[in-house]
Amino acid sequence: MSAVMNPNSEANRLLNFSERLDINLLDKVVGCMYTGQRTEQMEAQTVLTTLKEHPEAWTRVDAILEFSQNPQTKYFALQILENVIKTRWKALPRAQCDGIKTYIVSLIIRTSSLPEMHEKHKLYLTKLNFVLVQILKKEWPKNWPSFITDIVGASKTNEWLCLNNMEILRLLSEEIFDYSSGTMTQAKTRHLKESMCGEFQQVFQLCLFVMDNSTNPPLVAATLQTLLLFLNWIPLGYVFETNLVPSLISKFLPVPMFRNVTLKCLTEISAISIAQYPQYEKHIKDMFRDTLQQLQQVLPLQTDIKAVYSKGSDDEQKFIQNLAMFLASYLKEHVQIVEKSPELHEQLGNTLRYVTLISQVDETEIFKICLEFWNTLSSELYLEHPFKTYTTASYFPSSLMKTPFESQSQTRRKFYDATLSTVRTIMIERMAKPEEVLVVENDQGEVVREFMKDTDSINMYKLMRETLVYLTHLDTVDTERIMTDKLHRQVDGSEWSWKNLNTLCWAIGSISGAMHEEDEMRFLVTVIKELLGLCEQKRGKDNKAIIASNIMYIVGQYPRFLRAHWKFLKTVVNKLFEFMHETHDGVQDMACDTFIKIAQKCRRHFVTIQVSESYPFIDEILLNLRSIICDLGQQQVQTFYEAIGYMIASEADDGTQASLIERLMALPNQIWDETIQMIKANPEALKDVECLKQFANVLRANQRACISLGNVYVHQARFHTLLLFSRF
């Protein structure tokens, strides 16, 4: 082929517009472009690009489309035509524009009217449709005012032609309403939208006609897909003042082939706000009632949806996802309409049951849909009346304590109590991994340190944490009961697994501050005691590493409790020092990260003499500094120095502060001094990699200490300067 493709070859005849186009040669070049060797492909690309950019190339499109036997060549011809329409349409004579338009329409009709042609040339037909839509964006409505009438009239003559016309209408809707930004001016876009809305009645009647009368499944499916695109912009009267919604629910929702697209249509309708259109409230309620009745026939409430999803076909899995989207969308927008309608309370309860069942499906995207709904619901319930009075409840009758609004909000909460208890369990069992956790179980079941932060998991955790905090505010006792029961099952082994322990502890850490201080103290003491006992009970480094990482995560999340209970804080810090000697991958990192978090949030407690103590705890830490950090890596040591810096920075007395800084930096200063002495004795030592590492490590430790100490680092800076210049 390369012989054919060299610059002097016959392939260049394709660029000679004074000769008749050789279609067979063009097919050959296009084929080489897709199947030839790399060099041949590059040569073919050069010829085809030159041909495509030629200003007269579009005049050969009709011959290519008529006589080429290669689908890829036809696609290439349509690319040429598409480029002309987008860039030079206004410059073409009117007669040529009309000729191109007429030719493309006739080609579409010819290709789409027969079922065998429709299926055989599906990709080619799709490209033809796209080219026609590009023409429409230039011509309609000014130069083609009868387009809508023409396409609707043609659709009634042939079902397969109608099917393709639905695709054209869908593409046109997408181009105008979804993808117009950046491709058309705002004025042009507005004009096309107004034209589409003004003539939409004919299109809508065609859709209803097909839905009511057609027995051609592909045509009905295409009509529903097209209707789905229309639903986010058509006037509300078309939705609620016709038999569209009842037809979707009663005729198409029960049919497996149409079930998914029907649910998508209903989801679009459910997202419509009717706050300014109270006349449609009855229609929204009827839609909810009728849809739930059909759903119970299709998917009974007794169904194990989690199991059905795991074993289901692709369509069945999509159905469950679409169902989640419909239920969540409807309840977010219209739940209060349903709540004030007692006749719909049973359906509302069933809907909540469906969402809780779907929330247990082991698929992240489906869970996100449900999670967003639970977050919206729990936040609404909490923010209606965010403050509960615990202390006065036993002294006054509840009826005297509650305002009418509070009583109403409590009644609303009571309706959701049982559901939200189930949701709490789901949130705890599925809690995502927080950013602070470094020791995790990988896909192979191994306990490892995580190096890459999972952004999706962190975002999921933040939303789950917010939701669980709202749920805890709504019923602290229930949240504590569920967590305590699950912790007991970890200890007795009935639910023991790394995954179960992790999700439970991440959930416990996520609700810090959501309980009253006394309740939080009692709860946290129980949790830590149980986890420490579990750590003693379990054998094996992997088990202990997982438990240790969870203990560190939880204590780091509860600074309020640590500040209020010095002995517990001291015990926790000493435990962290023990973990700093643990060689299991990731445990030391997490111990240091937890230590710096505690140092930031409880800094004053370390430099203050506590009750029953003879001296501040910082003195004990500095006294044992070398033994504490002896097993840490350099990066971990630097984190440790920054943590101690936060403590020292909170010391109010300047003299004491200077003394503490001197003691903290004694080891780095000693290493610095010894290294300087070694270099002074042997300048060649500067070429030694280990010597340079010593320098770098000391400087990094000073830099991290400076970050936390702030201005008071000047004490160390002066000493370091004197030390440096005294040695040279």
Side-chain angles (χ1 to χ4, degrees), residues 5 7 9-34 41 43-112 121-144 147 150-151 164 167-168 171-172 175 179-180 182-185 188 192:
M5 298 307 304
S9 72
E10 59 177 333
N12 286 286
R13 288 196 293 108
L14 297 174
L15 307 178
N16 186 354
F17 281 76
S18 62
E19 295 182 5
R20 184 175 179 177
L21 180 64
D22 187 338
I23 302 297
N24 291 330
L25 177 59
L26 180 60
D27 282 344
K28 187 176 181 182
V29 174
V30 172
C32 181
M33 170 68 186
Y34 286 96
Q41 287 180 328
E43 292 172 351
Q45 176 70 52
T46 301
V47 172
L48 293 175
T49 301
T50 306
L51 175 61
K52 185 176 179 180
E53 292 174 351
H54 195 285
E56 299 299 318
W58 66 273
T59 61
R60 298 191 164 187
V61 168
D62 58 340
I64 298 172
L65 295 179
E66 289 293 335
F67 301 110
S68 173
Q69 300 302 310
N70 187 343
Q72 293 165 335
T73 305
K74 292 184 177 183
Y75 201 86
F76 171 73
L78 290 175
Q79 286 180 321
I80 295 174
L81 189 57
E82 180 187 344
N83 186 56
V84 169
I85 295 167
K86 287 182 176 180
T87 59
R88 298 175 53 209
W89 187 260
K90 298 293 185 183
L92 295 178
R94 183 73 255 159
Q96 290 181 339
C97 291
D98 291 340
I100 293 172
K101 179 173 65 178
T102 302
Y103 176 72
I104 291 297
V105 169
S106 65
L107 199 56
I108 289 175
I109 293 173
R110 193 170 67 205
T111 309
S112 64
H121 302 289
K122 194 168 186 178
L123 292 176
Y124 172 54
L125 188 57
T126 299
K127 187 64 177 178
L128 279 172
N129 292 340
F130 185 75
V131 169
L132 178 61
V133 169
Q134 300 310 309
I135 294 174
L136 284 167
K137 287 162 64 176
K138 303 289 185 180
E139 294 286 283
W140 180 69
K142 182 179 179 181
N143 295 318
W144 197 351
F147 164 70
D150 292 346
I151 198 169
N164 189 66
E167 293 293 326
I168 293 172
L171 282 172
L172 181 61
E175 288 290 311
Y179 307 135
S180 59
T183 62
M184 294 187 288
T185 64
K188 177 67 174 177
L192 289 179

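In this chain, residues are counted from 1 in sequence order.
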Inset, instruction - Please report the shortest heavy-atom distance between I168 and V133, naming the atom on each side. - result: O-CG2, 4.0 Å
Inset, instruction - Work out which heavy atom in I64 is nearest to a heavy atom in A77; give both atom names and the distance. - result: CG2-CB, 3.6 Å
Legend entry - Salt-bridge present (K188, E175; N to O < 4.0 Å): no
Legend entry - Distance-minimising heavy-atom pair for R60 and S18: NH2-N, 4.4 Å
Legend entry - Over all atoms of both residues, closest heavy-atom pair of E56 and T59: O-OG1, 2.5 Å
Legend entry - Interatomic distance, L21 atom CG to L26 atom CG [nearest 0.5 angstrom]: 5.5 Å
Legend entry - Side-chain donor/acceptor of T49 to backbone N/O of T46, under 3.5 Å: no
Legend entry - Spatial distance of atom CD1 (I85) from atom CD (E82) [nearest 0.5 Å]: 7.5 Å
Legend entry - Neighbour count above 12 (heavy atom, 6.0 Å) for R20 CZ: no
Inset, instruction - Kindly indicate, with the supporting measurements, whether the criterion side chain to side chain contact (heavy atoms under 4.5 Å, CB included) is fulfilled by L51 and F17. - result: CA-CA 10 Å; L51 175 61; F17 281 76; 3.7 Å; yes
Legend entry - CG-CZ distance between L125 and R110, expressed to the nearest 0.5 angstrom: 12.0 Å
Legend entry - Heavy atoms from other residues, nucleotides or ligands near CD of Q69 exceed 12 (cutoff 6.0 Å): no
Inset, instruction - State, without any angle test, whether W89 and E139 hold a side-chain donor-acceptor pair at a distance under 3.5 Å. - result: yes
Inset, instruction - Hey, can you tell me if W140 and F147 have their rings parallel, tilted or perpendicular (30° and 60° cut-offs)? - result: perpendicular
Legend entry - Validation row: P55, R88 side chains within 4.5 angstrom (heavy atoms): yes
Inset, instruction - State, to 0.1 Å, how close D27 and S68 come at their nearest heavy-atom pair, and which atoms those are. - result: OD1-OG, 2.7 Å
Legend entry - Residue pair L15 / T50: nearest heavy atoms and the distance that separates them: CD1-CG2, 3.8 Å
Legend entry - Pairwise distance CG(L48) to CD(Q41) - rounded to 0.5 angstrom: 11.5 Å
Legend entry - Point-to-point distance, once rounded to the nearest 0.5 Å, from SG of C97 to CG of N143: 8.0 Å
Inset, instruction - Please step through side chain to side chain contact (heavy atoms under 4.5 Å, CB included) for the pair V84 and L92, ending with a clear verdict. - result: CA-CA 9 Å; V84 169; L92 295 178; 3.9 Å; yes
Legend entry - Pairwise side-chain contact, K74 with K127, heavy-atom cut-off 4.5 Å (strictly under): no
Inset, instruction - Taking atom OH of Y75 as the centre, report whether more than 12 heavy atoms of other residues, nucleotides or ligands fall under 6.0 Å from it. - result: no
Legend entry - CG on L78 to OH on Y124, rounded to 0.5 Å: 5.5 Å
Inset, instruction - Kindly indicate whether the side chain of L81, heavy atoms from C-beta on, has any atom under 4.5 Å from the side chain of I104. - result: yes
Legend entry - side chain to side chain contact (heavy atoms under 4.5 Å, CB included) evaluation trace for F76 with M33: CA-CA 11 Å; F76 171 73; M33 170 68 186; over 6 Å; no
